[in-house]
Amino acid sequence: MASTQTSFGAIQDTTPPGAITSKVILGLLALYLVSYPIYALYLHPLSRYPGGTLEKLSRIPYWIACIKGNQVKWMTAQHRKYGPTVRFAPNDISYTEAQAWRDINLVPKGKKENGKEIRFHAPSANGTPNLITEPSAVRHATVRRVFAPAFSEKALKQQEPLFQYYADLMVARGRRKGTVNMAELLNFTTFDVMAEFAFGESLGLLEKDAYSDWVATVFNTLIVLPAIQMIEFYPLSRKLFSLLEPKSVAKMRLDHFNHTVTRVDKRLKEGSPKPDLWNLVEESGVLTTGEIYTNAELFMTAGTETTASLLTGTTYYLLKNPDKLKILTDEIRGRFKSNKDMTFEALGQLDYLNACLREGLRVYPSIPSAIPREIPEGGNVIMGKWLPAGTRVSVHQTATYRSPANFKNPDDYVPERWLGDPTYKDDIREAHQPFSIGTRNCLGMNMAWHEMRLLLSKLIFNFDMKTEVDESWSDQNVFVIWDRKPLPVTLEDIGAPA
Ligand code: HEM
């Protein structure tokens, strides 16, 4: 320390104030660097949970895996190493046990729900939450009550001609092309169906045989979701991004949103005699205009890519397991004489078809990673252990479904495990929840099941299918959703009656 002696003999510090400030900052930094690891590893409320040292100290390893598209492999490896419960970041616990689904997603009477981790989802362009991101449990229940009747069995039965129309259009396009990229064909179909369902107007993808700019933007946005999640996670990066976001990106987001706004406005203005979403919304009168727009956007993503992805994966696994494909083909072709016999109701009764799709949702779940929830004020108990407020908890779908503790031969595609085959009697079936459970589970689950059964059966009823792709097809990146590779499939028309 620089010092001088005063006339009274006292020692006076002559260090300039700026230097003192720097020293204090450096001192505090050194203290933090020494004390933070001690806290994170030994004193933090989660310190007793298993996990890697680096992961307990920092979220960086997790972000790297997410940005590289490696998250699913990384998290599965974490669980293989540390067991069914892993602390994979300082404040995050991942589970692979059936009970965790219940503890995280069900809300016992008088308790608060484990809230949504809003930063995990891309913010909507108008700033209004949709069903998935609505932070208030009460508002969520109100909005969900408005839309729920449109997804009931009764309403879906009334909408069945719409689904049949696009399934037949998909078959017609398959016939025309001979060889198709199955991933694309199924995307065209599910986007056309959902646009008709949500806006009363097709996107015409099957007819044009091409993605529209609007749909291409949906995919481009989904791929950058991990980067958006990282930016949203830290207040500073969020602020910086809002200041520095390139004008072109901001414009693209707005144009995309306005596309939805225009379609919804048109549908609301013109009205519809059909029992669709917007008749319910108008009757209820409880949604704000902002909520109408953001939920329309949500339906177009939640109800399209998910179903198309599952169907692409299931088609791949069936083609790679010809014995299973043969059983399914016999079931479908044995049951129906013509395309028009293939109703929602009749398809629902095909056991092997249901088992094939369920097994598809296990080996290739539409949401391959995890959707985190946050422990509310006052804490909560998960898997018998109390967790403090702010802890993020989740069930990781792929790690759970590929765990030998839950499923025998977890990497094999075996529909029989869902049909009482004694070899698989010890499988823990409740660990498989691809649509989640509880008040925030998938609103479109019934619709998804009808659509999945219809589209897969129509393909198998009308075509003998072949593919040249090898096992490396299933080795895919995940950026929240699968970064699906093209799946070229040759379709041989068997001339099934209309
Ligand atoms: C294979 C197909 C599908 C799968 C695996 C799936 C899965 C899921 C899952 C896991 C959630 C919960 C998300 C969370 O925890 O935040 C969810 C929510 C949701 N899904 Fe699906 N989904 C599928 C198809 C559909 C379809 C066809 C629709 C129709 C529009 C749809 C609409 C929704 C909506 C609106 C929500 C939000 C529900 C709420 O928060 O109340 N999904 N889905």
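Each ligand, and each atom within it, is numbered from 1 in the order the structure gives. Numbering of residues begins at 1 and proceeds along the displayed sequence.
Residue contacts with ligand 1: K116 is included, with a non-hydrogen atom under 4.0 Å away.
The cationic group of R362 lies under 6.0 Å from the six-membered ring centre of F407 and within 45° of the ring axis, placing it in a cation-pi geometry. Geometrically, R59 engages F233 in a cation-pi contact defined by less than 6.0 Å to the ring centre and at most 45° from the axis. Geometrically, K385 engages Y49 in a cation-pi contact, judged by NZ or CZ lying under 6.0 Å from the ring centre and within 45° of the ring axis.
Legend: residues meeting side chain to side chain contact (heavy atoms under 4.5 Å, CB included) with V146, ordered by chain and number and at least two apart, are V281, S284, V286, L287. R87 is linked by a salt bridge (charged side-chain N to carboxylate O under 4.0 Å, His left out) to nothing, counting only residues two or more places apart in sequence or in another chain. Partners of F463 by ring pair (Phe, Tyr, Trp, His ring centres under 6.0 Å), not counting sequence neighbours: none found.
Between H121 and ligand 1, no N or O atom pair is found at a separation short of 3.5 Å.
Given atom 40 (O) of ligand 1, the protein heavy atom at minimum distance is H140 NE2, 3.3 Å. Of all protein heavy atoms, the one lying nearest to atom 12 (C) of ligand 1 is R440 O, 3.7 Å. The nearest protein atom to atom 35 (C) of ligand 1, hydrogens excluded, is given as F299 CE2, 3.6 Å; this is a heavy-atom distance. Among protein heavy atoms, atom 37 (C) of ligand 1 sits closest to I132 CG1, 3.4 Å. Nearest protein neighbour of atom 13 (C) of ligand 1, counting heavy atoms only, is I371 CD1, 3.5 Å.
Proximity to F151 (heavy-atom distance under 4.0 Å) selects the following atoms of ligand 1: 29 (C), 30 (C). Taking every non-hydrogen atom of P434 and a distance limit under 4.0 Å, the qualifying atoms of ligand 1 come out as 5 (C), 7 (C), 10 (C). Against a heavy-atom cut-off of under 4.0 Å, M194 is close to the following atoms of ligand 1: 29 (C), 30 (C). Within the listing of ligand 1, atoms 7 (C), 8 (C), 9 (C), 10 (C) sit less than 4.0 angstrom from a heavy atom of I367. Residue N441 has at least one heavy-atom neighbour below 4.0 Å for each of these atoms of ligand 1: 38 (C), 39 (C).
In Q349, the CD atom is crowded: over 12 heavy atoms of neighbouring residues, nucleotides or ligands sit closer than 6.0 Å.
For the pairing with N114, the side-chain contact (heavy atoms from CB on, under 4.5 Å) check across T391, I382, V107 returns one residue only, I382.
In this structure, the side chain of K324 does not engage the main chain of E416 through any donor-acceptor pair within 3.5 Å.
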Evaluate side chain to side chain contact (heavy atoms under 4.5 Å, CB included) for L328 paired with L456, printing each intermediate quantity in order.
-> CA-CA 10 Å; L328 180 59; L456 182 60; 4.2 Å; yes

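Distances shorter than 2.8 Å separate atom 21 (Fe) of ligand 1 from the protein N/O/S atoms C442 SG.
Counting heavy atoms under 4.0 Å from ligand 1, residue E134 does not touch it at all.
Looking at heavy atoms from C-beta onward, L277 lies in side-chain contact with F197 at the 4.5 angstrom threshold.
Taking the six-membered ring where tryptophan is involved, the planes of H79 and H396 are tilted, since the angle between them lies from 30° to 60°.
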